[in-house]
A.B. asks: 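Here it is: the structure, laid out below.
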Amino acid sequence: MAIKSRPVIGVIGNAYRIENRFSVQAAGENNLRAVADVAGALPIMFAGAPDITDIGEVLDIVDGILLTGARANVHPIRFGVQPCVRHEPYDNGRDEVALTMVEACVARGVPIFGICRGLQEMNVAFGGTLHPEIRELPGRMNHRMPRLENGEIHPDPAVVFADRHEVHLTSNGTFASLLKRETISVNSLHGQGIEIPGRRVVVEGIAEDGTIEAIRIADAPSFALGVQWHAEYDPQTNPINRTLFLAFGEAVAAQKQRRKIGVAAPA
């Protein structure tokens, strides 16, 4: 009897230090559970470290890529801006892997979904720029996660990941078509954000204050979407995030089938 196997989604890792001594690569468990529970795929983490991760080899064994959110900002030098200590930490290894991975996925027709930092990486990979602190721009809200009066991060995840603002979607765009609506409510846990969209980056969702929240890559042969909010937090129960992960899962399953029969993604 043939054993059915799930599609495989590669989930990028992030550099951390444990106890300020041990270097590790880690991925948030919510990302892994979103892939397994909703996208219907097997999550496999790969290191965001170019000296040990061969992008071509990764793409030979996965059916899709998830670029997750992360604590570290994309390094400003990647889009022609001088770094500032206020905007640290950075993760140069992840930058190198992710930016190359974005272009490779789109070129090869491998489905890719970018969340928070992942959306920002997709933009930078195609020549776009980021602003290190969206809240410092005139008229913008504070998009960072909620904190207590003493400055500490709010201890209740339900508060941290609660819907904070609306996003207006492009009429008849990919997101509006998937979600069957033109206005959604999302959480907000980021400081950095898109300033100038890159080539092929199509903006399809904008927050009430003008912050870019949803993008797609023009003419990508497969799923290539990015969102600024943390869609991985609750796709098991949130209909917006669930729909996005279901669509990602469908694209990944189709990619698995194409790999099985040896055909390229549709142009």
A.B. asks: Mark yes or no for whether Glu204, through its side chain, and Phe175, through its backbone, hold a donor-acceptor pair below 3.5 Å.
C.D. replies: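 Yes, because the side chain of Glu204 sits within donor-acceptor range (under 3.5 Å) of the backbone of Phe175.
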
A.B. asks: If I take atom CZ from residue Arg259 and atom CG from residue Asp60, how far apart are they, to the nearest 0.5 angstrom?
C.D. replies: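 Reported value, rounded in 0.5 Å steps: 7.5 Å.
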
A.B. asks: Determine, using the 4.5 Å side-chain heavy-atom cutoff (strictly less than), whether Val110 and Val58 are members of one ILVMFWY cluster.
C.D. replies: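 Per the 4.5 Å side-chain linkage, Val110 and Val58 are co-clustered.
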
A.B. asks: Give the minimum heavy-atom separation between Asn123 and Pro197, together with the two atoms involved.
C.D. replies: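 Looks like OD1-CA, 3.2 Å.
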
A.B. asks: Walk me through it: do Phe79 and Ile196 pass the test side chain to side chain contact (heavy atoms under 4.5 Å, CB included)?
C.D. replies: CA-CA 10 Å; Phe79 45 94; Ile196 300 174; over 6 Å; no

A.B. asks: Sequence neighbours left out, what pairs pass side-chain hydrogen bond (donor to acceptor under 3.5 Å, both in side chains) with at least one residue falling in residues 10-19?
C.D. replies: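 Only Asn14-Arg94, Arg17-Ser23, Glu19-Arg21 qualify under side-chain hydrogen bond (donor to acceptor under 3.5 Å, both in side chains).
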
A.B. asks: Looking only at heavy atoms, which two atoms of Pro43 and Ala41 are closest? And how far apart?
C.D. replies: CD-O, 3.4 Å

A.B. asks: Should Leu130 and Asn73 be marked as a side chain to side chain contact (heavy atoms under 4.5 Å, CB included) after you check the CA-CA gap, both sets of side-chain angles, and the distance that decides it?
C.D. replies: CA-CA 10 Å; Leu130 306 175; Asn73 282 328; over 6 Å; no

A.B. asks: Same cluster or not: Tyr90 versus Leu99, using hydrophobic residues (I, L, V, M, F, W, Y) connected whenever any side-chain heavy atoms lie under 4.5 Å apart?
C.D. replies: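 Cluster IDs for Tyr90 and Leu99 differ.
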
A.B. asks: State, yes or no, whether a side-chain contact exists between Phe126 and Val102 at a heavy-atom distance under 4.5 Å.
C.D. replies: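 Of all side-chain heavy-atom pairs linking Val102 with Phe126, at least one is under 4.5 Å.
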
A.B. asks: Taking side chain as C-beta onward, heavy atoms only, is Thr68 less than 4.5 Å from Glu232?
C.D. replies: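 SC-SC contact between Thr68 and Glu232 ruled out.
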
A.B. asks: Do any N or O atoms from the side chain of Thr53 and from the backbone of Ala47 form a donor-acceptor pair under 3.5 angstrom?
C.D. replies: yes

A.B. asks: Within the 4.5 Å heavy-atom criterion, are Ile215 and Met122 side-chain neighbours or not?
C.D. replies: yes

A.B. asks: Does the side chain of His131 reach to within under 4.5 Å of the side chain of Val81, using non-hydrogen atoms?
C.D. replies: no

A.B. asks: Taking CD1 in Ile77 as the centre, count heavy atoms belonging to other residues, nucleotides or ligands within less than 6.0 Å. Is the count above 12?
C.D. replies: no

A.B. asks: Ignoring hydrogens, what is the shortest heavy-atom contact between Gln25 and Gly13? Give both atom names and the distance.
C.D. replies: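 Closest approach of Gln25 to Gly13, heavy atoms only: OE1-C, 3.3 Å.
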
A.B. asks: Check the pair Ser185 / His165 against side chain to side chain contact (heavy atoms under 4.5 Å, CB included), numbers first and verdict last.
C.D. replies: CA-CA 6 Å; Ser185 294; His165 61 76; over 6 Å; no

A.B. asks: On a heavy-atom basis, which atom in Val252 and which in Gly64 lie closest, and how many Å separate them?
C.D. replies: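 Scanning both residues, the minimum pair turns out to be CG2-CA, 4.0 Å.
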
A.B. asks: Answer yes or no: is there a side-chain heavy-atom contact under 4.5 Å between Gln255 and Pro7?
C.D. replies: no

A.B. asks: Find out if a path of hydrophobic residues (ILVMFWY) with successive side-chain heavy-atom gaps under 4.5 Å connects Phe113 to Val74.
C.D. replies: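 Looking at the clustering, Val74 is in a separate group from Phe113.
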
A.B. asks: Kindly indicate whether the side chain of Ile9, heavy atoms from C-beta on, has any atom under 4.5 Å from the side chain of Phe248.
C.D. replies: yes

A.B. asks: With side chains defined as the heavy atoms from C-beta onward, is the minimum distance between Thr183 and Arg181 less than 4.5 Å?
C.D. replies: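 A side-chain contact is absent here, since even the closest heavy-atom pair is not under 4.5 Å.
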
A.B. asks: Show your reasoning for whether side chain to side chain contact (heavy atoms under 4.5 Å, CB included) applies to Leu189 and Tyr233.
C.D. replies: CA-CA 11 Å; Leu189 294 88; Tyr233 173 65; over 6 Å; no

A.B. asks: From His75 NE2 over to Glu96 CD, what is the distance, rounded to the nearest 0.5 angstrom?
C.D. replies: 12.5 Å

A.B. asks: Just to verify, what does Asn241 make a side-chain hydrogen bond (donor to acceptor under 3.5 Å, both in side chains) with, not counting sequence neighbours?
C.D. replies: Trp229, Asp234

A.B. asks: Report yes or no: do Ile61 and Val8 belong to one cluster of Ile/Leu/Val/Met/Phe/Trp/Tyr joined by side chain heavy-atom distances under 4.5 Å?
C.D. replies: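 In one cluster with Ile61: Val8, yes.
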
A.B. asks: Taking atom OG1 of Thr174 and atom CG of Leu179, what is their separation to the nearest 0.5 Å?
C.D. replies: 10.5 Å

A.B. asks: State whether Arg6 and Asp63 are salt-bridged, where the test is any N-O pair (Lys NZ or Arg NE/NH1/NH2 against Asp/Glu carboxylate O) under 4.0 Å.
C.D. replies: no

A.B. asks: Does a side chain donor of either Gln120 or Arg117 reach within less than 3.5 Å of an acceptor in the other side chain?
C.D. replies: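 Note: Gln120 and Arg117 side chains miss the donor-acceptor criterion.
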
A.B. asks: Within the distance-only criterion (no hydrogens, no angle test), does the side chain of Arg200 pair as donor or acceptor with the backbone N or O of Ala218 below 3.5 angstrom?
C.D. replies: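 Such a contact is found between Arg200 side chain and Ala218 backbone.
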
A.B. asks: If hydrophobic clusters are built by linking Ile, Leu, Val, Met, Phe, Trp and Tyr wherever their side-chain heavy atoms come under 4.5 Å apart, do Ile212 and Val227 end up in the same one?
C.D. replies: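 Hydrophobic grouping puts Ile212 apart from Val227.
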
A.B. asks: Roughly how far apart are Arg216 CZ and Leu119 CG, rounded to 0.5 Å?
C.D. replies: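 Arg216 atom CZ to Leu119 atom CG measures 14.0 Å (nearest 0.5 Å).
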
A.B. asks: Please round to the nearest 0.5 Å and tell me the distance separating atom CD of Glu121 and atom CD1 of Ile115.
C.D. replies: 11.5 Å

A.B. asks: Counting N and O atoms only, with roles assigned by atom type, does the side chain of Glu166 sit under 3.5 Å from a partner on the main chain of Glu208, one being a donor and the other an acceptor?
C.D. replies: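 Answer holds: no.
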
A.B. asks: Should we say atom CG of Asn172 is surrounded by more than 12 heavy atoms from elsewhere, each under 6.0 Å from it?
C.D. replies: no

A.B. asks: Specify the closest pair of heavy atoms between Ile65 and Cys105, including all atoms of both residues, with the distance to one decimal.
C.D. replies: CG1-SG, 3.6 Å

A.B. asks: Can you give me the closest heavy-atom contact between Ala27 and Val11, atom names plus distance?
C.D. replies: CB-CG1, 4.1 Å

A.B. asks: CG/Asn187 to CD1/Ile240 distance, rounded to the nearest 0.5 angstrom?
C.D. replies: 12.0 Å

A.B. asks: Do the side chains of Arg242 and Asp37 get close enough for a salt bridge, i.e. N-O under 4.0 angstrom?
C.D. replies: no

